[in-house]
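See structure below.
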Amino acid sequence: MSTTQRIKGFADMFPPESDAFTRMENTGREIFARYGFVELRTPILEFTELFQRSIGEETDVVQKEMYTFPDSRGRLMTLRPEATAGVMRAYAESGLAGREGVSRLFSCGPMFRHERPQKGRLRQFHQINCECLGSASPFADAELISMLLHFFRALRLSGLTLNINSLGCAVCRPHFREALLRYLQSLDPAALCEDCSRRMHTNPLRVLDCKQASCRAVVEGAPRLLDSICPDCAEHFSTVQKLLDRQGHAFALDHRLVRGLDYYCRTTFEVVSSQIGAQTAVAGGGRYDGLVKSLGGPDVPGVGFACGMERLALLLDAPSPAPLDFYLVALEEEGGLQGHALAQTLREAGLRGEMNFSRASWKSLMRQAGKSGARYCLILGPDETARGDIVVKNLESGEQNTLGQDTVCHFLQTGTIHD
RNA sequence: GCGGAAGUAGCUCAGUUGGCAGAGCACCUGGUUGUGGCCCAGGUGGCCGUGGGUUCAAAUCCCAUCUUUCGCCCCA
């Protein structure tokens with residue numbers, strides 16, 4: 001195996017995918033700013049302990065998916081598997097958490113999870129994250145979800161479905177968990193699939209999410225979260241739904257929607273697409289009221305989402321790149337000298353263009369010009385350089401004119417010869 | 001971590017009783033002394049993923065390995 005090759009699950013990104021990423025980031029920045037979000041950039045590397053404490057020791061992410069290794073002093077470091085923990089850490093550490101008010105934070109960048117790659121899943125992948133900290137109000141939940149849908153609309157995406165659920169809080173969830181466990185244990189042990197028999201003990205809520213037909217049948221008869229959450233949680237969830245309704249957002253209640261990270265409580269949601277392979281979730285998030293406190297910060301509530309950029313990119317139509325304004329064909333030494341200076345002048349005037357570096361034949365250079373997709377070919381041969389002229393050829397129509405070099409810029413900008 | 005499929009030219013892929021390495025597209029040159037696209041003619045380009053094995057002979061059969069890909073688990 002060559003050492004000069006990509007690491008498995010780590011991708012190089014060329015256009016159009018790299019263009020799609022730029023577009024997602026720019027669109028996100030613009031939309032989120034309308035809601036008062038500011039950009040936060042946090043480090044990619046954090047102490048392992050941060051993720052263990054925030055995501056949860058028992059989760060798959062922490063148990064088997066993190067890139068963890070010791071630094072030179074033997075402290076365990078981890079490449080972040082998700083963004084929220086780092087954002088919380090920065091929030092608490094900066095002192096923002098101690099101040100009054102609500103903080104709305106947007107961030108994006110690479111995350112790392114050591115999993116088997118497949119469609120829509122890489123070991124280095126990218127997320128756009130938004131976190132709204134400092135408010136326990138259902139208005140915060142609804143605003144965040146509305147903003148996410150706004151973002152998707154701005155990217156002209158369709159065919160997406162919003163699912164929501166409530167997981168209850170620290171008070172009512174344990175009761176539900178026990179009720180569910182009692183129900184599962186009362187069943188014939190063969191009723192559940194192998195995974196769920198195991199999950200029943202590690203994280204019984206995940207059984208609700210199993211895709212196996214047998215388990216789904218079992219789940220139909222199981223107690224439901226929404227029937228057992230406490231009045232405060234029910235009120236909160238009801239308000240979130242009311243707010244989404246008033247804005248005309250369609251959503252589906254999904255009582256099986258259980259997120260895999262321990263810190264979620266109350267509202268959870270995800271946006272799914274059926275067009276991106278087996279991994280259907282494009283974005284997911286929820287409320288995580290105890291998280292900052294569990295990291296040693298003040299008791300500040302929060303709600304946030306993560307949006308998978310690779311998965312989003314699968315849904316974006318490839319934007320056709322803007323064509324070059326000119327391709328300059330320079331012949332012989334003097335053509336190269338004059339052309340180099342002219343091309344620079346044109347670019348500084350805002351035009352986009354390339355020129356040939358090599359001294360090839362006419363035919364070859366004209367072919368280069370044609371392939372470049374430029375609107376105009378500018379030709380500087382011996383005849384033109386001697387007179388200070390330049391040939392301007394419209395590559396689409398084939399029409400061409402000879403102009404003075406000092407008028408080309410105006411022509412390319414306006415399409416007319418006279419000023 | 002577990003399972004299926006696949007690795008042959010820059011790209012998409014043909015290539016079985018085991019017998020000289022192929023096509024289309026792309027690229028280069030010419031047909032046209034200084035004019036691209038269409039057309040015509042010619043040309044460059046391959047350790048057939050890698051390492052072993054079987055054989056007179058392996059792209060082809062066997063083993064291992066790496067990579068990609070689609071799923072499972074889980075997540076964005």
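Quick note on labels: first sequence line is chain A, next is B, and so on, each numbered from 1. Just so it is clear, the model here is predicted, and its values are computed rather than measured.
In the interface, the side chain of A:Glu384 is paired with the base of B:rG34 through a donor and an acceptor atom under 3.5 Å apart.
Nearest nucleotide to the side chain of A:Val391, out of B:rG71, B:rU68, B:rG34: B:rG34. Residue A:Lys393 places its side chain closer to B:rU35 than to any other of B:rU35, B:rU29, B:rU68.
Across all strands shown, nothing is found opposite B:rU32 as a Watson-Crick or G-U wobble partner with both distances under 3.5 Å. Pairing partner, B:rU54: none, since no Watson-Crick or wobble contact has both distances short of 3.5 Å. Across the strands present, B:rA76 finds no partner; the criterion is a Watson-Crick or G-U wobble pair with both atom distances under 3.5 angstrom. Using N1 to N3 plus N6-O4 or O6-N4 for Watson-Crick, or N1-O2 and O6-N3 for G-U wobble, each under 3.5 Å, B:rG24 pairs with B:rC11. Pairing partner, B:rA5: B:rU68, with both Watson-Crick or wobble hydrogen-bond distances short of 3.5 Å.
The residue A:Ala306 sits close only to the backbone: its heavy atoms come under 4.0 Å of sugar-phosphate atoms, none of a base. Counting non-hydrogen atoms under 4.0 angstrom, A:Gly9 reaches the backbone sugars and phosphates but no base. Within the nucleic acid shown, A:Ile128 has no heavy atom closer than 4.0 Å to any nucleic acid atom. No engagement by A:Asn129 is indicated, since no non-hydrogen atom pair under 4.0 Å with the nucleic acid exists. A:Gln279 comes within 4.0 angstrom of a base, heavy atoms only. Counting non-hydrogen atoms under 4.0 angstrom, A:Lys363 reaches a base of the nucleic acid. Within 4.0 Å (heavy atoms only), A:Gly285 reaches no atom of the nucleic acid at all.
An OP1 or OP2 oxygen of B:rC73 is reached within less than 4.0 angstrom by no side-chain nitrogen or oxygen of A:Arg121. Proximity of A:Gln118 to the phosphate of B:rG71: a side-chain N or O atom is located under 4.0 Å from OP1 or OP2. A:Gln368 has no side-chain polar atom (N or O) that falls below the 4.0 Å cut-off from OP1 or OP2 of B:rG37. Proximity of A:Lys371 to the phosphate of B:rC27: a side-chain N or O atom is located under 4.0 Å from OP1 or OP2.
Separating the CG atom in A:Leu378 from the CG atom in A:Leu380 is a distance of 7.5 Å, to the nearest 0.5 Å.
Residue A:Leu331 is the one, among A:Leu331 and A:Glu396, whose nearest nucleotide of RNA chain B lies closer to the 5' end (criterion: closest heavy atom). Mapping A:Phe10 and A:Phe125 onto RNA chain B via the closest heavy atom, the residue that lands nearer the 5' end is A:Phe10.
To the nearest whole angstrom, the two C1' atoms, one in B:rU12 and one in B:rA6, are 14 Å apart. Straight-line distance between the P atoms of B:rU55 and B:rC72: roughly 44 Å, to the nearest whole Å. Spacing of P atoms, B:rG15 relative to B:rG31, comes out at 40 Å, to the nearest Å. Distance check on atom P: B:rU54 versus B:rU16 gives 25 Å, rounded to whole Å. B:rU68 sits 10 Å from B:rG49 when the C1' atoms are compared, rounded to a whole Å. Separating the P atom of B:rG19 from that of B:rA58 is a span of 11 Å, rounded to the nearest Å. With P as the reference atom, B:rA59 and B:rC40 are 35 Å apart, rounded to whole Å.
Between A:Arg75 and A:Asp71 no salt bridge is recorded (no basic side-chain N to carboxylate O distance below 4.0 Å). Using a 4.0 Å cut-off between charged nitrogen and carboxylate oxygen, A:Arg29 and A:Glu39 count as a salt-bridge pair.
For A:Glu384 (side chain) and A:Gly381 (main-chain N/O), a donor-acceptor pair under 3.5 Å exists by modelled atom type.
Within 6.0 Å of CD in A:Glu333 there are 12 or fewer heavy atoms belonging to other residues, nucleotides or ligands. Heavy-atom contacts from other residues, nucleotides or ligands closer than 6.0 Å to CZ of A:Phe10 number more than 12.
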